[in-house]
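Here the structure is a predicted model, which means the values were calculated and not measured.
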Amino acid sequence: MRPKIWRDLPAFAPQPASAGRGSIASVHGWRLREPDSGRRYTVLRLETRGGMAGYGEGGPATSAEILEARAAAIGRQPNESEYIRHRLAAVPSMEAAVNNAFLDLQGKATGTPVYQFLGGPTRFKARVLAGLEGETEEALARPLRQAAQQGFRAFTVPIPARDSMWRMQAYVDAVRARIERMRSLAGADLDFVLDAAGKLTPGDAAFVATALERNHLLWFDEPTNVLTHDGLARITDESVMPVGLGRSLHDISVFQDLLRWGAVDLVRPSLALNSLVKIRRMAAIAETHYVAVAPYHDGGPIATAAGIHLAASLPNSFIQQIPFPRSARDASLRAELASGNPETAKDGFTPLVNKPGFGIEVNEKSLDRYSEEKV
Amino acid sequence: MRRRDLLGALGALSVPAGRLRGSRHNLPSGCGCAFAPAAAIPPGSDVFKDVGSKLRITNMQVFGVTLDEKIARSDRPYVFVKLETNQGVVGWGEATLEGKAGAAMACVNDLREFIIGSDPMQSEHLYQLMYIGSFYRGGPVLGSAISGIDQAIWDIRGKVLGMPVYELLGGPVDPQGVRGYYHAQAWTLQEAKELGERTRQAGVTALKFQLPDLLEWIETDRKLKRAVKHMETLREGLGPDLDFAVDFHARPSPTVAAILLREIEPFHLFFAEEICPPENVRAMHRAARKSTTPLATGERLIAAYGFNELIDLGIVDVLQPDSAHVGGITALWKVAAAADAAGIRMAPHACEGPVGGIASLHVDAAIPNFLAQEICGFVEAGPMNRVWEDLTGFPAMRMRNGRYPLPTKPGLGFEVSEPALKRYPFQGTRPFPPAFHEDGSLASL
């Protein structure tokens, strides 16, 4: 008997349509790395037999995973997202890239923006969050001011690193001082997300969350990577600080569990690991718990564009994170990759682009230039 | 005496079923709908002929009543139900449903075959017939329609038995009347102080306010601070001797509600109402378990079943069914009974017309776990109150010394004036006015 392997996962596998003009004829991938931040992501280009190209971005992938994406997508129609969602369940970065490229193709084929495919616009602009880079307040100050000047009104601030000699009171004071310093740097009516990147234990996270309740952070992001029922309950039992979770998760049922436990105030699936069609399913579940969605994003500009289309269509999207590069080199790379730059802000929001697909032009020369490998 | 007379005489006067059939064509209704003639005897009612009364409901009318937009909100024309009997006793009820007047009227008429020819003394059986016999249970349209009919049935029962409805329910607990609260607005300390003065002078002991902003499911420092500051100003301006509630009106998520509730603890609210949307009780619990402020909810919930989870999980401190939506006097009393057993108090919602409010008073008067009765009126009587007086013949739902006086006449204790109804003809259904956030997305108002 043939052993069960993950390729057998799809509950259904439609027969590939015979050589229609819309079916996928080729799949190419670029493994990208930003020179200064070191941020990695993967861009796929899917071309139909009719010669139409669609682009989708996913998280970092190996060349073997890109080959797997190719095997899954070749011969398929761009509307077969449910098949792809199951077929590539074990390669989440490629599930995101293929299914988003499918959406881009469908939008272009029908001459409509992707947000129209996803249920139509529920808002005319999308709130955005600048993901700041930097470990110290000195390093964060300049990008914070820059981002504020460019129209961002909400920012992520990394929690200070903590070594074994930090005393707890001193640590909490340092976290609070950092938030207050950031608030004082860039003017009134700005909002902050405290990003712990999963570094704290649940107990320490609860301590910090309770101590900072009155600072009115938008939320405390990924306070811990101990995503157990009991671990998260320590935080939610003690504090009213909103908690955002999920950047490393790519299983809808796990998000459902977090919601059922009442452990999460903001659902944060990463655009690197989840296609828009997958996040829509998570959002539908979150909605019934009165919980909003704000996709985590630390990838490239093509995924940013995708995130804005998702935010435009979801009833319960709150904000779309956009990486805000510290280095000019990284910033110009991002601007070059996708013309019609989606990474802009005005008064804290970004406008929707009413153009077919994701509404951007992908610059393949730049993909070639900045990629570590093309597959 | 009167009871004996009526019930005794009814046998002789009861109308044969065949005669009733012909009389049900072209029944007047406010919505102008056409109705097929119904079977003369409601399903399942013939077996009661030897044990029931001879009283029969012979006619049902639905009235839509639209007030001027400047006087009352345009989304809620009043829907009144009038039941007539073969003995000339008439009952009134209210089925007003915000934004859905047409549907509520049509649904009242959908229940017609259950009602015409039935014995109004069987209020419980008829409630079961309308709720369970409808197969699709619950929902605000059916709930409001049942409410209108049920209130009218209780009005008839009280009149026939010669006592106010609250006496049939075991009351009054407090013969002086029923504590109430009005709606109010104050956005500055000065306004709050002046309002407090006027409120004390009027003898009123409690008020209810709104939040200053629409809220999203995650909120900003600015809006959180403004909401907390608002409640701080209210407490400071009103002084310690007035109760004040704040209606969150399901604007926040449990996430945002939890933050607000933690920070408003020192202001000692009467209660915080609808701290988040009503469908997911466990989600509400996320915020409720953090609160020392009493929490209230329930205006959008239907029948006792709609409150079951809230009561069993012990999530709130105060329940607020609306007698015009929950299923009338029958359902409101059942919710109160279950709440009482769980140590939860009742502050029934009422923001429609005068009939539902008065029906609610009768239940309030008879329940030991009663807290306060809402009415969408203000400390100073306004033009809406003059219309209500025109409709009911008395200053309906106006407090004296902080209490609504109890009606003393049998039934609900008043008659709706049909000539007055004609002065406010139905102008059609208008939607509940929606609200939108800065980015154009829909807000919970």
* Around B/K208, counting heavy atoms of other residues, nucleotides and ligands shown, do more than 12 lie under 6.0 Å from its NZ? -> yes
* **Proximal to chain A - members of residues 251-264 of chain B, heavy-atom separation under 4.5 Å** => B/S253, B/P254, B/T255, B/A258, B/I259, B/R262, B/E263
* Is it the side chain or the backbone of A/S317 that comes within 4.5 Å of chain B heavy atoms, both, or neither? -> neither
* **Separation between CG of A/L190 and OG1 of B/T220, rounded to the nearest 0.5 Å** => 11.0 Å
* Answer yes or no: are there more than 12 heavy-atom neighbours, outside B/Y305 itself, under 6.0 Å from its atom OH? => no
* **Between B/K225, B/E279, B/K290, the one whose heavy-atom pairs under 4.5 Å with chain A are most numerous** => B/K290
* So what's closer than 4.5 Å to chain B heavy atoms on A/F124: side chain, backbone, both or neither? -> both
* **Residue B/R345 excluded, over 12 heavy atoms near CZ under 6.0 Å** => no
* Asked: Would you say B/D221's side chain and A/H216's backbone share a donor-acceptor pair under 3.5 angstrom?
  -> no
* **Best-contacting candidate, A/R214, A/M241, A/R153, against chain B by heavy atom pairs under 4.5 angstrom** => A/R214
* Could you tell me whether B/R222 and A/D191 have a side-chain N and a carboxylate O separated by less than 4.0 Å? => no
* Asked: Out of A/L218, A/N316, A/V243, which one racks up the most heavy-atom pairs below 4.5 Å with chain B?
  -> A/L218
* To do: Could you list which of residues 254-270 of chain A have a heavy atom closer than 4.5 Å to any heavy atom of chain B, in residue-number order?
  => A/G262, A/V264, A/D265, A/L266
* Answer yes or no: are there more than 12 heavy-atom neighbours, outside B/R235 itself, under 6.0 Å from its atom CZ? => yes
* CD1 on B/I218 to CZ on A/R127, rounded to 0.5 Å -> 10.0 Å
* Find the distance between CH2 (B/W217) and CD (A/E287) and round it off to the nearest 0.5 Å. => 5.5 Å
* Would you please name every residue forming a salt bridge (charged side-chain N to carboxylate O under 4.0 Å, His left out) with B/D312, sequence neighbours left out? => none
* Asked: More than 12 heavy atoms of other residues, nucleotides or ligands under 6.0 Å from CZ of A/R183: is that the case?
  -> yes
* Residue pair B/E216, A/I319: steps toward the side chain to side chain contact (heavy atoms under 4.5 Å, CB included) verdict -> CA-CA 11 Å; B/E216 297 189 54; A/I319 202 165; over 6 Å; no
* To do: Would you please go through residues 431-445 of chain B and name the residues with a non-hydrogen atom below 4.5 Å from one of chain A, in numerical order?
  => B/E438, B/D439, B/G440, B/S441
